[in-house]
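Have a look at the structure below before the remarks.
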Amino acid sequence: RKPQRLTYDDIKDMTTLSRGASNMLTFFNSPHAGTAVNHIHFRNVYHHEELALEKAGFERIKTFDGVNVSKTENYPIRALLFEGRDEGALSKTAFSFIETLQEKAIPFNLIFIGEKVYVIPRKLDSEVVSEFPNRVLGAMELCGKITFLDRETYQAVTTERISSALNKLSLSEGEIYNLIYTLAGKMGYLQPVCLLLVGKAASGKGTSSRELTKSRKGFSHISTGDILRKEVEEGTDLGKSAEPYMLIGGLVPNDIIDK
């Protein structure tokens with residue numbers, strides 16, 4: 001059996017199927033995100049009314065090859081919407097993002113509706129939440145369609161309880177943007193960026209740079225001060241040339257730095 005792990009062809013097939021059946025909703029639960037068995041399967045249901053997720057506000061983040069990528073603005077779990085008329089471009093962009101989630105072992109739920117693909121990344125350590133201790137919330141529940149088997153549980157549920165449960169599953173804003181950053185790299189949309197921090201000694205350049213590299217994937221911290229201090233410590237010719245300027249907190253001349 002093929003495991004519950006998606007390929008580009010899977011996404012392409014589901015995108016094609018979804019476009020041809022406007023009254024059908026197709027969804028997918030990855031491992032640790034609501035799937036009951038680890039073999040590839042999708043589920044289809046009749047789609048006759050808008051779900052809560054469809055009614056949520058979305059803010060566009062980026063456009064890749066004509067495919068708009070947006071994130072929820074006023075929904076209790078952070079979800080992404082991939083939307084585009086070109087079937088090939090939509091499948092490619094959505095799969096590139098899904099592939100990243102699978103590589104990073106991030107659970108997720110997928111919902112295909114017409115020309116739209118909703119992707120909901122979620123926390124690995126929050127498969128079951130205290131608000132609903134006897135069930136795993138899958139794609140349909142995250143879309144706002146929650147069913148209950150007994151009247152007592154149904155009557156005890158409130159909007160606040162549902163929102164609290166979805167919040168616990170949600171990735172942070174920073175985690176979502178880091179995933180989009182990775183997607184941009186895969187799609188060839190990233191250009192090398194060099195940030196130059198300039199300031200007097202002990203002004204916080206190094207501290208700010210280290211914090212930046214921690215919070216943003218792909219950045220490397222290069223400190224001329226650290227390099228020069230190492231040269232001085234090792235007693236190299238470069239260190240000896242730079243040391244007099246460093247001792248008085250002055251700027252080391254370019255002809256020395258360029259070496």
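Everything quoted here is computed from the prediction, not taken from an experiment. Along the sequence shown, residues carry numbers from 1.
Sequence neighbours left out, the pairs with a member in residues 109-133 that pass side chain to side chain donor-acceptor pair (under 3.5 Å) are Asn29-Asn109, His32-Glu127, Asn109-Arg122, Ser130-Lys168, Glu131-Ser164, Glu131-Lys168. Pairs of residues two or more places apart, or lying in two chains, never qualify as ring-ring contact (aromatic ring centres under 6.0 Å, His included) while including a residue from residues 234-259.
Checked by atom type and distance alone, the side chain of Ser18 never pairs as donor or acceptor with a backbone atom of Met14 at under 3.5 Å. Judged purely by atom type and a 3.5 angstrom limit, His47 has no side-chain atom pairing as donor or acceptor with the backbone of Val45. Looking only at distances, a side-chain donor or acceptor of Tyr189 sits under 3.5 Å from a matching main-chain atom of Asp65. With hydrogens and angles disregarded, no donor-acceptor distance shorter than 3.5 Å links the side chain of Ser96 to the backbone of Leu183. A distance-only check finds no donor-acceptor pair linking the side chain of Ser30 to the backbone of Pro107 [under 3.5 Å]. A distance-only check finds no donor-acceptor pair linking the side chain of Thr72 to the backbone of Asn74 [under 3.5 Å]. Remark: side-chain polar atoms of Ser209 are paired, donor with acceptor, to backbone N or O of Lys205 under 3.5 angstrom. Distance alone, capped at 3.5 Å, places no donor-acceptor pair between the Asn68 side chain and the Thr63 backbone. Listed for the Asp13 side chain is no donor-acceptor partner under 3.5 Å among the backbone atoms of Asp10. In this structure, the side chain of Glu87 does not engage the main chain of Thr15 through any donor-acceptor pair within 3.5 Å.
A 4.5 Å side-chain heavy-atom check between Phe28 and Ile40 finds at least one atom pair inside the cut-off. Residues Leu179 and Leu80 have side chains not in contact (no heavy-atom distance under 4.5 Å, counting atoms from C-beta outward). Met140 places none of its side-chain heavy atoms less than 4.5 Å from the side chain of Arg43.
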Original post:
Can you list the steps and then say if Glu175 with Lys104 is a salt bridge (charged side-chain N to carboxylate O under 4.0 Å, His left out)?
Top reply: CA-CA 12 Å; Glu175 289 171 320; Lys104 295 178 177 291; over 6 Å; no

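Through direct or indirect side-chain contacts shorter than 4.5 Å among Ile, Leu, Val, Met, Phe, Trp and Tyr, Leu247 is connected to no other residue.
For Glu83 and Ser70, the side-chain atoms include no donor-acceptor pair closer than 3.5 Å.
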